[in-house]
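For reference, the structure is listed below as structure tokens.
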There are 2 protein chains.
Amino acid sequence: MNKPRQFISLLSRISRLVNHDGHAEGLKPAQWDALRYLAQANRFSRSPGALTSYLGATKGTISQTLMSLEKKGFVVKTQDLHDKRSVALELTTAGKNLAKEDALQPFQKILSDLPANDQKDITTALEKLLLAKLRSDGNKPFGICNTCRHFRKNNPSGSPHFCDLLKEPLSDAGSEKICIEQAAI
Amino acid sequence: MNKPRQFISLLSRISRLVNHDGHAEGLKPAQWDALRYLAQANRFSRSPGALTSYLGATKGTISQTLMSLEKKGFVVKTQDLHDKRSVALELTTAGKNLAKEDALQPFQKILSDLPANDQKDITTALEKLLLAKLRSDGNKPFGICNTCRHFRKNNPSGSPHFCDLLKEPLSDAGSEKICIEQAAI
DNA sequence: TAAATAAGTTTCGAGTCGATACTATTGTTA
DNA sequence: TAACAATAGTATCGACTCGAAACTTATTTA
């Protein structure tokens, strides 16, 4: 069997299993993806547009998914004060609790049951593959705030940290979250 | 950011990108999955039931997917002679040609552009993860025929190889294919 | 200020997917 | 061997997915 075909097979089979596990707790895979994102994204990144870009979907699809999550009581929408076109998304308490019971927990368990160096190798491999694909597609990486070139640690006045791009203060917790503007140093 | 969440994020994001690429050439991801499988499966494994088990879907869903592929002219169904309940699936010439232009080719290119040892590490990692998950879910591995405990190489009389489970001769090409009965040695 | 752009929503059509019910055929068992 | 169970698939339902395209408001830009 030739190597190329093997890689594609592996990738598609794993994706399928991931997708399959995404049917849990009455949600669909896409809804879990949105919930997971909203639980991890910082306040600059919790909008339908950011979610659209993160998930690589179209605006219409995201709109539908958010509508479902809102109807189920996991998400609330509020209008942005500065830009009246924009919508700010927030998880409800129920949404936050559900996000903790992630549908992909079984997969997490699989990993945890493997030897420690396998765990590390697998995570590293997935990271490399994801970044290469994102770069190739020209998509934003959506990395962690405090790994960004605009992150300024320990700003003396006020909040502990600072975003030099958005000119906004950052809390300790906030700087651990996913940001749509994150760019490698 | 805690490690567990990171792994789940990586996994779900990659799955999503894979799924996204699966919308190509007028087919859907599930249809590509079926096409890819049929292009690789040996004759004992080209049935709706085997495909159902391989893809971890329900019989109804597979029935629908196959109906689409049949209507598009990529698959033909024939009734099994021995068991009149069973259906044998075969790719048409168009189906075989399409399978060569796999929708996940872009992903393959991503991998090929990485350093050789990264390619190997990533493939190995995916293999480990997939096998661990399949084992945990109690699913069949659907491995390659000639890596099976029932594979007998170079049977003297007639065809070059032999399956000791199904008591059937195996060609060289056939023994390179995916089999539903494959079991680790 | 008019035109372009951007953020979201709405609608459409084909497909997905789990669940359930159903048909036909084959195996088992009493 | 007749009755029952198991197996291979199909059909239908409802909620959802997803790309595409049309459409509404806002906000920029020229």
Side-chain angles (χ1 to χ4, degrees), chain A residues 12 15-35 44-72 74-89 103 137 180, chain B residues 12 15-35 44-72 74-89 103 137 180:
Chain A
S12 64
S15 293
R16 177 156 273 279
L17 293 172
V18 168
N19 200 60
H20 192 266
D21 278 4
H23 290 266
E25 311 283 334
L27 294 195
K28 299 291 168 117
Q31 296 173 352
W32 275 110
D33 285 344
L35 197 70
F44 315 122
S45 312
R46 287 194 297 265
S47 67
L51 184 56
T52 298
S53 164
Y54 181 79
L55 295 183
T58 55
K59 300 186 292 176
T61 300
I62 295 304
S63 196
Q64 294 289 91
T65 298
L66 287 173
M67 208 181 288
S68 298
L69 287 176
E70 195 182 18
K71 197 158 55 183
K72 290 175 183 175
F74 298 129
V75 165
V76 285
K77 293 180 186 172
T78 49
Q79 195 161 35
D80 189 291
L81 297 174
H82 307 297
D83 186 336
K84 278 192 278 186
R85 295 169 302 181
S86 299
V87 166
L89 302 168
D137 290 357
I180 187 175
Chain B
S12 63
S15 294
R16 176 154 275 280
L17 294 173
V18 168
N19 200 59
H20 191 265
D21 279 4
H23 290 266
E25 311 284 336
L27 294 196
K28 299 292 170 105
Q31 297 173 353
W32 277 111
D33 285 344
L35 198 70
F44 315 122
S45 311
R46 288 194 296 266
S47 68
L51 183 56
T52 298
S53 165
Y54 181 79
L55 295 182
T58 55
K59 300 186 292 175
T61 299
I62 296 305
S63 195
Q64 295 289 90
T65 297
L66 288 173
M67 209 180 286
S68 299
L69 287 176
E70 195 183 17
K71 197 158 57 185
K72 290 175 182 174
F74 298 129
V75 165
V76 285
K77 294 180 186 172
T78 49
Q79 194 160 36
D80 189 291
L81 297 174
H82 307 298
D83 186 336
K84 280 192 279 188
R85 293 169 304 182
S86 298
V87 166
L89 302 169
D137 290 357
I180 186 175

Q: Quick one: label B:Lys77 by what it contacts on the DNA or RNA (base, sugar-phosphate, nothing), any heavy atom closer than 4.0 Å.
A: sugar-phosphate

Q. So, is A:Thr65 near the phosphate of D:dT17, with a side-chain N or O under 4.0 Å from OP1 or OP2?
A. yes

Q) To the nearest Å, how far apart are B:Leu89 CG and D:dT10 C1'? A) 14 Å

Q) How long is the line joining CG of B:Asp21 and C1' of D:dG19, in whole Å? A) 14 Å

Q | Euclidean distance, atom CG of residue B:Asn19 to atom C1' of D:dC16 [Å, nearest integer] | A | 13 Å

Q. Please give, in whole Å, the distance from D:dC16 P to A:Ile62 CD1?
A. 15 Å

Q: Give the rounded distance in Å between these two atoms: NE2 of A:His23 and C1' of D:dA15.
A: 11 Å

Q: May I have the distance from B:Leu69 (atom CG) to D:dT10 (atom P), rounded to whole angstrom?
A: 13 Å

Q. Are any of A:His82's side-chain N or O atoms less than 4.0 Å away from OP1 or OP2 of D:dT27?
A. no

Q.
Can you work out whether A:Lys72 or B:His20 has the more 5'-proximal nearest nucleotide on DNA chain D?
A. A:Lys72

Q) Among D:dT10, D:dC16, D:dC18, which is the nearest nucleotide to the side chain of B:Ser63? A) D:dT10

(Q) Quick check: on DNA chain C, is the nucleotide nearest B:Lys84 upstream (toward 5') of the one nearest A:Val87, or the reverse? Name the residue that is more 5'. (A) A:Val87

Q. From D:dT12, D:dT27, D:dG9, pick the nucleotide closest to the side chain of B:Gln64?
A. D:dT12

Q: Taking heavy atoms of chain B and a 4.0 Å limit, find me the 5'-most and 3'-most nucleotide of DNA chain C within that range.
A: C:dA14 to C:dT26

Q) B:Pro48 has a side chain; which of D:dG19, D:dG9, D:dA11 sits nearest to it? A) D:dG9

Q | Distance-only donor-acceptor test (3.5 Å): side chain A:Arg85, base D:dT25 | A | no

Q: Under 4.0 Å between any heavy atoms, over every strand shown, what does A:Ser86 touch: base, sugar-phosphate, or nothing? Just pick one.
A: sugar-phosphate

Q. What are the residues of residues 24-33 of chain A, sorted by number, that bring a heavy atom to within less than 4.0 Å of DNA chain D?
A. A:Lys28, A:Ala30, A:Gln31

Q: Using a cut-off of 6.0 Å, state whether more than 12 heavy atoms not belonging to B:Lys77 lie near its atom NZ.
A: yes

Q. Got a sec? Which of residues 52-59 of chain B come in under 4.0 Å of DNA chain D, heavy atoms?
A. B:Lys59

Q: Quick one: label A:Asp83 by what it contacts on the DNA or RNA (base, sugar-phosphate, nothing), any heavy atom closer than 4.0 Å.
A: sugar-phosphate

